[in-house]
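All values below were derived from every heavy atom in this structure, side-chain atoms included, with hydrogens, water molecules and symmetry-related copies excluded.
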Amino acid sequence: MAKLIQQQIDSNLLQACEPIQQMAPCDVARKAEEIRSKMQVALRDELEESISRDQLVLEGKTEESKLRTEPLAIKVARTDELMALLYELLLQRVTSTFIDLHFFQVVEAEIALNLYLQHILSLRRYCSEEEVVTIVTGRGLHSKNGVAKLRPAVENLLIQQKISYRGDVGSFRI
């Protein structure tokens, strides 16, 4: 999964000079949830196929288990395709100075932000000027009970990595 996210970040950073088509926030949220639902089904199918194949191996039915390899590979590819689609949608507003994590779930945001920070910090080693990078988290208004989950997770990640930041309403600047 991290490889897919890194590819999408790299792709978006390369296209940063081109205007990015932006979807309305409600459309992004709806589409992300739709993809996540499909991904859950694909993951469940992948797991069931894997268990079925492993069961055949345990029963000593190696020839039958080999026949399950291709269907399993197809299900893994479908899951990967959906994951790539989700990250393409969620990372559509990534540039070398801006990342919007609004519609990410906490785990997704942590993975994407770690990869993004690695990329940005490696760029800073080779550049004389350090531009301010904005990490948009939102304020948590759409979270259950209005309690932000993403913002504290991002702040903890910045603290763990010893990255100095300034917290603004709904974002951080590093």
- request: Please confirm whether the backbone N or O of H102 pairs with a side-chain atom of D100, one donor and one acceptor, at under 3.5 Å?
  value: yes
Identified side chain to side chain contact (heavy atoms under 4.5 Å, CB included) counterpart of I99 within the set I120, L91, V154: L91
- request: Begin with the C-alpha distance, continue with both residues' side-chain angles, and end with the deciding distance and a verdict on side chain to side chain contact (heavy atoms under 4.5 Å, CB included) for R78 and I74.
  value: CA-CA 6 Å; R78 176 66 179 148; I74 290 169; 5.7 Å; no
query: So does R166 pair up with D168, basic N to acidic O under 4.0 Å?
result: yes
- prompt: Can you find a heavy atom in the side chain of D45 that is under 4.5 Å from one in the side chain of E49?
  reply: no
- prompt: Donor-acceptor pair, S65 side chain versus T62 backbone, under 3.5 Å?
  reply: yes
- prompt: With the 4.5 Å side-chain cut-off for hydrophobic clustering, are F98 and L113 part of the same group?
  reply: no
Any side-chain heavy-atom pair of I135 and L158 under 4.5 Å: yes
query: Would you say the side-chain atoms of E59 and Q55 include a donor-acceptor pair closer than 3.5 Å?
result: yes
Mutual orientation of the aromatic rings belonging to Y87 and F104 [parallel < 30°, tilted 30-60°, perpendicular > 60°]: tilted
message: Strictly distance-based, threshold 3.5 Å: is any side-chain N or O of S50 a donor or acceptor partner for the main-chain N or O of E46?
response: no
query: Would a distance-only check, ignoring hydrogens and angles, find a side-chain to backbone donor-acceptor pair under 3.5 Å from R151 to S171?
result: yes
- request: Decide whether L43 and V106 are clustered together by the hydrophobic rule: side chain heavy atoms of Ile, Leu, Val, Met, Phe, Trp, Tyr closer than 4.5 Å, transitively.
  value: no
query: Between E108 and R36, does at least one N-O distance fall below 4.0 Å, as a salt bridge requires?
result: yes
query: For F103, is the NZ or CZ atom of R30 found under 6.0 angstrom from the centre of its six-membered ring and inside 45 degrees of the ring axis?
result: no
- request: Give a yes or no on this: more than 12 heavy atoms of other residues, nucleotides or ligands lie within 6.0 Å of atom CD of E70.
  value: no
